[in-house]
Q: 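Following this message is one structure expressed as structure tokens.
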Number of protein chains: 2
Amino acid sequence: MSSRSSADNAREIPEATVARLPVYLRALTGLTESGVATCSSEELAAAAGVNSAKLRKDLSYLGSYGTRGVGYDVEYLTYQIAREIGVTHDWPVVIVGIGNLGHALANYSGFRSRGFRVVALLDADPSRAGEEVAGIAVQSFDRLEEIVTEHGVAIGVIATPAPAAQDVADRMVAAGISSILNFAPRVLAVPPGVDVRKVDLSIELQILAYHEQRKAAIEQPAQLEPEHAEQTEHAEQCVPAVDGALAQEVLS
Amino acid sequence: MSSRSSADNAREIPEATVARLPVYLRALTGLTESGVATCSSEELAAAAGVNSAKLRKDLSYLGSYGTRGVGYDVEYLTYQIAREIGVTHDWPVVIVGIGNLGHALANYSGFRSRGFRVVALLDADPSRAGEEVAGIAVQSFDRLEEIVTEHGVAIGVIATPAPAAQDVADRMVAAGISSILNFAPRVLAVPPGVDVRKVDLSIELQILAYHEQRKAAIEQPAQLEPEHAEQTEHAEQCVPAVDGALAQEVLS
DNA sequence: TGGTGTGAAAATGTTCACAGCA
DNA sequence: TGCTGTGAACATTTTCACACCA
């Protein structure tokens, strides 16, 4: 925090903003495909599903890339956000655990198109080695270290059953991986400096269930007094949302 | 907001807390399986990957289910949280789009065990009808309305390619579904009263890439001054996280 | 004139620290 | 005595509203 860098780099971007930048990137890609060359904050916000004030505030953390009275140049803004996120070049990624979900992830075309390249699919089950998924050979998990070293892998994806997740994470960290996307429904303990994000389908569903239950309680006044049913207007776009973790036997 | 209900229900639970309740539920399940009957906020917090102050604050929104000087009864607290979320009984769910991801979701055992029951798998491709995935027959998407009505489905999962997502959502809403979990990388427009949550793998990865890039910038002082590398200590458990959406061609 | 960029206000979320109860 | 439950302080995020400039 002491010496502010000389370049116009090193701004402090709020975490909430960082989480939305990829959404803006996707919206911009959509605009590009529609042949739109310029857009206002209002238009981009609509495409991204946020309000324009938030969008402008978010973009203001990156710099002043718009033109007052005009809007943003789609291509230019796309590049600036991609640069800020760090996806102007591809990140090599390894996926561990080639069960149902691992398969889906390996086939996920959004990887390549969004700045990531799957360099290896690993599975602890030796009988799977040699198999090929999405054109990539499945290898033994034992090869993790050499693959990480060889390709300079910094990001790992865990799609194993829950019981294996911590071991896989430990090996990943030891091998030099410092960012993990965890689909196993398990809290991972990792040393400082390692980032973990989790995706858990059942958590997302439970959050929906909570709100669903509340709606039902209002519509059919059970033991509650009627109240004004207007309260029903809950979310419309995308709930603020939080993390989660998929997998379990899915991934075996 | 006017008339507070007579029962001890209808408390206003913060969204951030709601998003963590499923995590506590999972941690409690783990404790139960380990044969733990009672736990302190410290222990449960560790199992859930949060700090104990936050845990206690969260639980305080539900009521006073702990015992001072002792802690929480695991079984009792499990029930109270499950009741609050609304997963003491199963929620019928339909999954639309049986591609790679749809397959993985259909096979996801965490569904049944966490309060959800997949009552139908639907796909727009007529040639898939009759196929069976995870013991459930794949049916034509045209049957959506009758299935929703028959089973009283309130929650739908969209695992289709992006272009189809909005149409599917519209049909779901028209059929009476009011909560949607969207894996397609597309912003969905839905009427007020309908909740949408999204999961997007590429967004999660991009957030990791952003932090990864920053770590690299600090370790190898490119054009930045060295600074104290201690800053590297970023996240250790699970980043605050925000939504995302998977799928695309994966799901076709 | 129209739309960006941004201070300031409001809302939401987290952490602290300790009163109070079993 | 030990641990919960919670006000109050602090931090972050969102929203407002408007100065400012192409």
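Everything numeric in this text was worked out from a predicted model, so none of it was measured. First the proteins, then the strands, lettered A, B, ... as listed; each starts at 1.
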Q: Choose from C:dG3, D:dT4, D:dT13 the nucleotide whose nearest atom is closest to any side-chain atom of B:Ser40.
A: D:dT4
Q: Return the value, rounded to whole Å, for the distance between atom OH of B:Tyr61 and atom C1' of D:dT6.
A: 9 Å
Q: As a test of understanding, state which of A:Val50, A:Leu31, A:Val36 forms a side chain to side chain contact (heavy atoms under 4.5 Å, CB included) with A:Leu44.
A: A:Leu31
Q: Without decimals, in angstroms, what is the distance between A:Asp58 CG and D:dT14 P?
A: 7 Å
Q: In whole Å, what is the span from the OH atom of B:Tyr65 to the P atom of D:dG5?
A: 10 Å
Q: If we ignore angles and hydrogens, is there a donor and acceptor under 3.5 Å between the side chains of B:Ser178 and A:Glu212?
A: yes
Q: Shorter than 3.5 Å, N or O on both sides, protein versus nucleotides 7-10 of chain C: list them out with atom names.
A:
unit_1 : atom_1 : unit_2  : atom_2 : d
C:dG7  : N7     : A:Lys57 : NZ     : 3.3

Q: Give the rounded distance in Å between these two atoms: CD of B:Glu42 and P of C:dA17.
A: 15 Å
Q: Return the value, rounded to whole Å, for the distance between atom CD of A:Glu15 and atom C1' of C:dT12.
A: 17 Å
Q: Are a donor atom and an acceptor atom from the side chains of B:His211 and A:Glu15 found within less than 3.5 Å of each other?
A: yes
Q: Checking B:Thr17 side chain against B:Ile13 main chain: does a donor-acceptor pair fall under 3.5 Å?
A: no
Q: What distance separates A:Leu181 CG from A:Ile158 CD1, expressed to the nearest 0.5 Å?
A: 9.0 Å
Q: Can you check the A:Asp73 CG to C:dT4 C1' distance for me, whole Å?
A: 15 Å
Q: Using only side-chain N and O atoms of A:Tyr72, determine if any of them is under 4.0 Å from OP1 or OP2 of C:dG5.
A: yes
Q: Counting only side-chain N and O atoms of A:Asn51, is one of them less than 4.0 Å from OP1 or OP2 of D:dT15?
A: yes
Q: Between A:Ser41 and A:Arg56, does any side-chain donor sit less than 3.5 Å from a side-chain acceptor?
A: yes
Q: So, B:Asp195 and B:Ser179: side-chain donor and acceptor under 3.5 Å apart, yes or no?
A: no
Q: Specify the closest pair of heavy atoms between B:Ala45 and B:Asn51, including all atoms of both residues, with the distance to one decimal.
A: CB-C, 3.8 Å
Q: With 3.5 Å as the limit, what N/O pairs link the protein to nucleotides 19-22 of chain D?
A:
unit_1 : atom_1 : unit_2  : atom_2 : d
D:dC20 : O2     : A:Arg68 : NH1    : 2.9

Q: If I take atom OH in residue B:Tyr76 and atom C1' in nucleotide D:dT4, what distance separates them, rounded to the nearest angstrom?
A: 14 Å
Q: Find the distance B:Glu43:CD to D:dC3:P and express it as a whole number of Å.
A: 9 Å
Q: Could you tell me whether the phosphate oxygens of C:dG2, OP1 or OP2, come under 4.0 Å of any side-chain nitrogen or oxygen in A:Arg56?
A: no
Q: Does a nitrogen or oxygen in the side chain of B:Lys54 sit under 4.0 Å from OP1 or OP2 of C:dT15?
A: yes
Q: With rounding to the nearest 0.5 angstrom, report the OG1 to CD distance, B:Thr38 to B:Glu75.
A: 10.5 Å
